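The next block holds one structure in the form of structure tokens; read it before the comments.
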Amino acid sequence: MALGDVADWLDSHSGPGFLWYAKRLSGNDTLANGAHQAGPYIPKELLFRIFPGLDRPEAENPDVLFDLYVDSHADHRRARAVWYNNRRRGRSRDEARVTRLGGASSALLDPDSTGALAVFAFSVAGPDAVATCHVWICRHAIEEDLVEERIGPVEPGTTVVWPDEQFLLPGLAGRVPLQERSCWLEPHELPPEWLVRFPAGAELVDKAVELRPVASLSADERLLKRRDCEFDLFRSLEEATELPAIREGFDTMEAFLAKAQSILQRRKARAGRSLELHARAVFLEEELREGRDFTHQPETEKGHRPDFVFPSAERYADRAFPETRLRMLAVKTTCKDRWRQVLNEAARIRSKHLLTLQEGVSVGQFREMQEADVQLVVPAPLVGKYPRTVQPQLQTFESFIGDVRLVGLGD
């Protein structure tokens, strides 16, 4: 197998005996933020399952050594899974990490890996054997797309564990634990028409706004809370509409694969537009008028449709309207490799604003964005996940809304 072929790697590290843990590396996972706990965070419950010897509460910071291969970068380490459990002894930590990865020479800790999609494939040979782990860190958007075709979208701050005995299809999780629910609705609580026809993304967003009005919160907090709410709403609807058919079983492998593909494609479609639709909902709530204060997905040039133009597509097309009073906002849940896509959008607008939920970037990558005149817009609760030198140069979502209000005062 060629190490450079992610498709072959996925095939070779799947099936019985493998468990995948996929996440987008945050600034606290890598060395981007200079955090002393650098090393990918993995829920301790999952590590206890993979390394039963780690679950020793009587020991202080129990650990297990194992072989970790970063196949995407031809790197091998004798890594350490450790449960920092000193909260049981009156201190503050109760989390699991994977450490001893080689410091700055490790691709997993490389600041430029921040935001990258990483897949950890754990292989357990038997109850008494120590698991080994093979890792693939996606090096560009094409590799990320190939991975997400297998397991569904992996968004910043979320993880995918696959497969699991509770998972009946790739990435189709069982019921969300009660303490983790935000907007989970039982079948009888869902709009009846949704059980017949899966709603469009805008309908789910409207329902999330209804369930979480939170008008007293900042635009940044509303955006994040409602997006979490919409995701739980989506999952509850997915379970209500898909699980009964799955439990009935399938007559052919083709029917099973068709159902799995349908579910994964719907998840990707939702993830692709969710943030954009939530931003639009907040603009309207902030009394920005669509068509006058902003235009959603106008064609600014042939073949180019930025997510938002301010104050309007009409003003953008008016060559007499000052370019200094025009703004554009691109929306990308992750921006590690995709930020360059916005450079060709809205040619009249020199400075491009980009709203993202990515949990950090490296200082070097942020410098590239600045040189290209791309201004990152990051919801306030996520700003602390960026390097300290970068944080003052980020713009919050609420600040961006204030900016477009100011430039529109002349109308």
Side-chain angles (χ1 to χ4, degrees), residues 1-26 29-30 39-43 46-47 49-51 65-81 98-102 105-126 129-156 158-165 167 169-173 253 256-257 260-261 263-265 267-268 271 334 336-338 358:
M1 180 193 72
L3 290 179
D5 190 340
V6 65
D8 286 349
W9 185 89
L10 292 169
D11 290 340
S12 299
H13 295 86
S14 61
F18 282 99
L19 186 146
W20 290 2
Y21 174 73
K23 69 178 301 184
R24 291 188 179 273
L25 298 174
S26 72
D29 291 322
T30 68
Y41 168 77
I42 300 178
L46 182 61
L47 282 181
R49 177 177 163 187
I50 297 167
F51 303 110
L65 299 181
F66 66 101
D67 287 308
L68 183 143
Y69 304 85
V70 184
D71 294 329
S72 56
H73 294 73
D75 185 21
H76 167 245
R77 305 285 172 178
R78 187 68 173 163
R80 175 187 183 228
V98 174
T99 64
R100 296 186 184 175
L101 297 175
S105 64
S106 167
L108 273 169
L109 300 185
D110 185 348
D112 286 334
S113 293
T114 306
L117 175 55
V119 181
F120 298 77
F122 291 96
S123 174
V124 182
V130 176
T132 59
C133 181
H134 288 259
V135 183
W136 193 280
I137 305 170
C138 294
R139 296 165 294 189
H140 45 70
I142 295 174
E143 289 190 345
E144 293 184 356
D145 290 342
L146 287 170
V147 171
E148 291 186 322
E149 283 179 6
R150 301 283 186 105
I151 62 175
V154 183
E155 300 184 353
T158 69
T159 59
V160 171
V161 178
W162 179 66
D164 190 293
E165 63 268 14
F167 295 5
L169 285 176
L172 181 59
M253 180 62 70
F256 170 79
L257 293 174
Q261 188 65 19
I263 290 173
L264 292 177
Q265 286 300 321
R267 285 189 165 198
K268 288 181 68 176
T334 64
K336 181 182 183 296
D337 299 307
R338 293 175 167 85
Q358 185 167 301

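Just so you know, residue 1 is the first one in the sequence shown, and it goes up from there. Remember, predicted model here, so these are calculated numbers, not experimental data.
- Residues D29 and P40 come closest through the heavy atom pair OD1-CA, 3.4 Å.
- In summary, the side chains of H134 and D71 do present a donor paired with an acceptor at a separation below 3.5 Å, with no hydrogens or angles considered.
- Separation of atoms OG1 (T30) and CG (D112) is listed at 9.0 Å; rounding is to 0.5 Å.
- Proximity of F66 to V98: side-chain heavy atoms (C-beta onward) are separated by under 4.5 Å at one or more points.
- Formation of a donor-acceptor pair under 3.5 Å by the S14 side chain with backbone atoms of L10 is found in this model.
- The two residues R100 and L65 come nearest to each other via the heavy atoms NH1-CD2, 3.4 Å.
- Within the model, atoms CG of L264 and CD of E148 stand 10.5 Å from one another, a figure rounded to the nearest 0.5 Å.
- Nearest approach of A131 to I50, heavy atoms of both residues: CB-CG2, 3.6 Å.
- Contact of the T334 side chain with the R24 side chain is registered, since non-hydrogen atoms from C-beta on lie closer than 4.5 Å.
- Not a single donor-acceptor pair under 3.5 Å links the side chain of Q358 to the backbone N or O of P156.
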Begin from the C-alpha positions of F120 and W20 and carry the test side chain to side chain contact (heavy atoms under 4.5 Å, CB included) through to its verdict. CA-CA 5 Å; F120 298 77; W20 290 2; over 6 Å; no

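- You'll find the side chain of D11 reaches within 4.5 Å of the side chain of R150, heavy atoms only.
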Determine whether I42 and T159 satisfy the following criterion, side chain to side chain contact (heavy atoms under 4.5 Å, CB included), listing intermediate values before the conclusion. CA-CA 9 Å; I42 300 178; T159 59; over 6 Å; no

Tell me, with the steps shown, if H13 and W136 meet side chain to side chain contact (heavy atoms under 4.5 Å, CB included). CA-CA 10 Å; H13 295 86; W136 193 280; over 6 Å; no

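- Looking at D67 and V130, their side chains never come closer than 4.5 Å, going by heavy atoms from C-beta outward.
- Taking each heavy atom of V147 and L117 in turn, the nearest pair found is CG1-CD2, 3.8 Å.
- Between D75 and S106 the shortest heavy-atom distance is OD2-CA, 4.3 Å.
- Distance CZ/R78 to CG/L101: 13.0 Å, rounded to 0.5 Å.
- The ring-ring contact (aromatic ring centres under 6.0 Å, His included) search around Y41 returns none, not counting sequence neighbours.
- For F122 and Y21, the gap between ring centers reaches or exceeds 6.0 Å.
- Expressed to the nearest 0.5 Å, how far OG1 of T99 lies from CZ of R77 amounts to 12.5 Å.
- Within the model, atoms CZ of R139 and OG of S113 stand 11.0 Å from one another, a figure rounded to the nearest 0.5 Å.
- For H76, the ring-ring contact (aromatic ring centres under 6.0 Å, His included) test picks out Y69, with sequence neighbours left out.
- To the nearest 0.5 angstrom, D5 atom CG is 9.0 Å from S12 atom OG.
- Side-chain contact check for L108 versus L68: some heavy-atom pair is nearer than 4.5 Å.
- D145 and R338 get closest at one heavy-atom pair: OD1-NH2, 3.1 Å.
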Test L25 against T114 for side chain to side chain contact (heavy atoms under 4.5 Å, CB included), laying out the working first. CA-CA 5 Å; L25 298 174; T114 306; 5.7 Å; no

